[in-house]
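Everything on this sheet refers to the single structure shown next.
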Protein chains: 2
Amino acid sequence: MSDLLERLRGRGWRMTAQRRVVAEVLDGDHVHLTADEVHSRAVARLPEISRATVYNTLGEMVSLGEVIEVATDKRAKRYDPNAHRPHQHLVCAQCGQIRDVHPTGNPLSALPDSERFGFTISDVEVTYRGLCPSCTAAA
Amino acid sequence: MSDLLERLRGRGWRMTAQRRVVAEVLDGDHVHLTADEVHSRAVARLPEISRATVYNTLGEMVSLGEVIEVATDKRAKRYDPNAHRPHQHLVCAQCGQIRDVHPTGNPLSALPDSERFGFTISDVEVTYRGLCPSCTAAA
DNA sequence: TCCTACAATGGACAATGTCTAAGTCAAGCA
DNA sequence: TGCTTGACTTAGACATTGTCCATTGTAGGA
């Protein structure tokens, strides 16, 4: 059921009730929760879980490469459990809704050597912004 | 001298010592300061300028479209005065240095209709991550 | 020069994230 | 099954970043 949980277990992660709840809450497609949202949902299942644990757990999952941190222009970072398939994000400028999208081609090829300033580039992050169908209709 | 200042003046912006200082501090290429850094530098020229004024002024410049907010993965938003030439960013994952870059082609064309979920897309933001020459050498 | 609307100030408050010290518990081992 | 131990969790203080508001100041026009 929980791919994320399975992957973490497979890495010899010490499994605790708190970590299990965080992983379960975060699992799924098009999931992009803030740390605070994760905490709220986790509390619903495990009332005594603390904020610090949620932050710690999310941080560890990011370090392990099982979860990705997404910085949209909102204040809080969001966490995306879909780390194994490379993807980009489509954000509604109005309501903040986020979808995972899969562009074609390699975005890195658009950057000529002369524009790389000698950097060793390892990653490209693309964010498409616009209005979702409901917000387009409302506008 | 200050393009940014000229552009703002041309829009009938009421000019005050504080706004002038903020605009001067922010002007230039490859400039990506946080609000706090802008404040520190502004204080050096105009000791009594307040944090709130810096935030207000930056916010107004963003609304006017003369300055762009950049959300890298760092905590604080950064402000980029180079709003009139479309460009993307290249970030060193180690030292945090940011360069403006100009990729070729239109990144929007990489996203097929089937991946647009009915969104009206208006903007694409690309962040290249890697190591700058110094950090590559140190690694 | 004087008025007035707009801008600046400073300090409280809010949101998000980090750290620490002390208590608790998962998992290996006898 | 019942220890032992080191990793995990907790609560809350603290740090950073950003916003708001009532008061004071001032740019620019009449």
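Every chain is numbered from 1 and lettered A, B, ... according to where its sequence line falls, protein lines coming before strand lines. FYI, side chains are in, hydrogens and waters are out, and symmetry mates aren't considered; it's all heavy atoms of this structure.
Although no hydrogens or angles enter the test, the distance criterion places a donor-acceptor pair under 3.5 Å between the side chain of B/H30 and the main chain of B/D100.
A heavy-atom distance below 4.5 Å is not found between the side chains of A/F119 and B/L131.
Summarising the geometry of B/G65 relative to B/A83, their closest heavy-atom pair is O-CB, 3.4 Å, with the distance given to 0.1 Å.
Nucleotide C/dA7 holds its C1' atom 14 Å from the CG atom of B/L64, rounded to whole Å. Summarising the geometry, the separation between CD on A/E69 and C1' on C/dT16 is reported as 13 Å, rounded to the nearest angstrom. With rounding to whole Å, A/L58 atom CG is found 10 Å from C/dG17 atom P. Across the protein-nucleic acid pair, A/R19 atom CZ and D/dT10 atom P stand 11 Å apart, rounded to whole Å. Look at CG on B/L46: it is 13 Å from C1' on C/dA7, rounded to the nearest Å. Atoms CZ (A/R20) and P (D/dT9) sit 11 Å apart, rounded to a whole Å. As rounded to whole Å, 14 Å separates atom C1' of D/dT16 from atom CZ of B/R78. Distance A/E60 CD to C/dT18 C1': 14 Å, rounded to the nearest Å.
Between B/R45 and B/E24, at least one side-chain nitrogen of the basic residue sits less than 4.0 Å from a carboxylate oxygen of the acidic one, meeting the salt-bridge criterion.
Residue A/T53 is the one, among A/T53 and B/A76, whose nearest nucleotide of DNA chain D lies closer to the 5' end (criterion: closest heavy atom).
In the interface, the side chain of B/R51 is paired with the base of D/dT19 through a donor and an acceptor atom under 3.5 Å apart.
Looking at the side chain of A/A52, the nearest of the listed nucleotides D/dG12, C/dT9, C/dT16 is D/dG12. Side-chain proximity of A/N56 to D/dT9, C/dG17, C/dA8: nearest is D/dT9. Each of C/dG17, D/dG18, C/dT9 was ranked by its minimum atom distance to the side chain of A/Y55; first place goes to C/dG17. Of all nucleotides listed (D/dT10, C/dT9, D/dT19), C/dT9 comes nearest to the side chain of B/S50.
Between A/Q18 and C/dT24 there is no side-chain polar atom (N or O) within less than 4.0 angstrom of OP1 or OP2.
Residues satisfying the side chain to side chain contact (heavy atoms under 4.5 Å, CB included) criterion with B/T34, sequence neighbours excluded, are B/D36, B/E37, B/A76, B/R78.
No continuous path of hydrophobic side-chain contacts links B/Y79 to B/L90 [ILVMFWY only; heavy atoms under 4.5 Å].
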Inset, instruction - Sugar-phosphate atoms are those with a prime plus P, OP1 and OP2; base atoms are the rest. Using that split, label each nucleotide of nucleotides 25-30 of chain D B, S or - for protein heavy atoms under 4.0 Å, 5' to 3'. - result: BBBS--
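Each of B/R129, B/H32, B/E125 was scored for a side chain to side chain donor-acceptor pair (under 3.5 Å) with B/H89, with one residue passing: B/H32.
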